[in-house]
Amino acid sequence: MVSYEEEIIKERATKDMGKMLGGEEEKDPDAAKKEEERQEALRQQEEERKAKYAKMEAERETVRQGIRDKYGIKKKEEREAEAQAALEANVEGSLTRPKKAIPPGCGDEDEEEDESILDTVIKYLPGPLQDMFKK
């Protein structure tokens, strides 16, 4: 006794052999309808996936905002907007372009700091070397 599954396997095998020997494929009358349903199912799955990830990202953003509020951290966009507003506020009455901000430690430094650092280094040198640098 042959099971239903075995019959389907044999039927498919004979169809495949017929195709390989040059026989024509059988046209499925509902193939276009099935393909359309498959495409619709794929679109629906993609929409569900996007909705799921949008929901997850919204939840993550609420957690991030809670952390920002707790520790007083501003968003990058907010910091950039405040910096731009500060630059514009300085420029309103000026006819020239604003000077670029010089980061600390670059450019004009106080010579007093340099001298105090040099003095500190000289203190830790042995006596004869201290005399050489003082002259």
Side-chain angles (χ1 to χ4, degrees):
M1 183 170 189
V2 178
S3 71
Y4 178 72
E5 294 171 353
E6 291 175 348
E7 286 180 27
I8 292 177
I9 293 173
K10 286 180 184 178
E11 185 179 318
R12 287 184 185 162
T14 56
K15 284 182 183 179
D16 291 342
M17 287 298 289
K19 290 178 191 175
M20 289 170 53
L21 295 174
E24 291 187 21
E25 271 186 52
E26 293 181 22
K27 301 287 182 177
D28 188 9
D30 296 332
K33 184 178 179 183
K34 288 179 182 178
E35 180 63 22
E36 187 177 311
E37 289 175 358
R38 189 180 73 78
Q39 291 294 329
E40 181 61 32
L42 287 174
R43 279 191 293 272
Q44 186 177 4
Q45 287 176 347
E46 183 68 17
E47 289 174 5
E48 290 172 359
R49 185 188 68 79
K50 286 181 180 180
K52 174 185 170 185
Y53 284 103
K55 180 182 174 186
M56 287 173 53
E57 186 59 31
E59 290 172 358
R60 289 179 184 147
E61 185 58 32
T62 56
V63 170
R64 289 183 198 120
Q65 189 60 45
I67 292 170
R68 282 189 212 106
D69 293 342
K70 181 178 179 180
Y71 295 105
I73 301 171
K74 294 182 183 177
K75 279 185 161 180
K76 186 176 183 180
E77 296 88 23
E78 291 175 1
R79 285 183 280 161
E80 290 172 353
E82 287 178 1
Q84 186 66 25
L87 280 175
E88 290 173 3
N90 291 340
V91 177
E92 285 180 7
S94 177
L95 297 177
T96 61
R97 66 184 182 92
K99 293 182 179 179
K100 292 185 179 177
I102 299 173
C106 297
D108 299 330
E109 293 183 10
D110 297 348
E111 290 183 21
E112 295 174 10
E113 286 184 27
D114 293 337
E115 292 174 2
S116 66
I117 292 172
L118 185 60
D119 291 337
T120 307
V121 171
I122 290 174
K123 283 184 202 175
Y124 292 105
L125 292 175
L129 288 176
Q130 284 181 3
D131 295 337
M132 275 181 32
F133 281 108
K134 288 183 182 177
K135 291 182 182 178

| query | Does K34 pair with E37 as a salt bridge, N-O distance under 4.0 Å? | reply |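 Between E37 and K34 there is no salt bridge, as every charged N stays at least 4.0 Å from the carboxylate O atoms.
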| query | Could E82 and R79 be called an ion pair, given the rule that one side-chain N must be under 4.0 Å from one carboxylate O? | reply |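 No.
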| field | Pair Q39-E35, side-chain donor/acceptor within less than 3.5 Å | value |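 A pair is found: one side chain offers a donor N or O, the other an acceptor, under 3.5 Å apart.
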| query | Any chance CD of E48 has more than 12 other-residue heavy atoms, nucleotides or ligands included, within less than 6.0 Å? | reply |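 Count over threshold, so yes.
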| field | Close side-chain approach of R68 and R64, heavy atoms under 4.5 Å | value |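 The answer is yes, as the side chains (C-beta and beyond) meet within the 4.5 Å cut-off.
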| Out of curiosity, M56 CE to E61 CD, how far, rounded to the nearest 0.5 Å? |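 The distance works out to 14.0 Å.
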| query | Only one of E57, K52, E59 forms a side-chain contact (heavy atoms from CB on, under 4.5 Å) with K55, so which one is it? | reply |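 With K55 as partner, side-chain contact (heavy atoms from CB on, under 4.5 Å) holds for just one option, E59.
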| field | Option from R49, R43, Q44 for which side chain to side chain donor-acceptor pair (under 3.5 Å) with E46 holds | value |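 Among R49, R43, Q44, the one meeting side chain to side chain donor-acceptor pair (under 3.5 Å) with E46 is R49.
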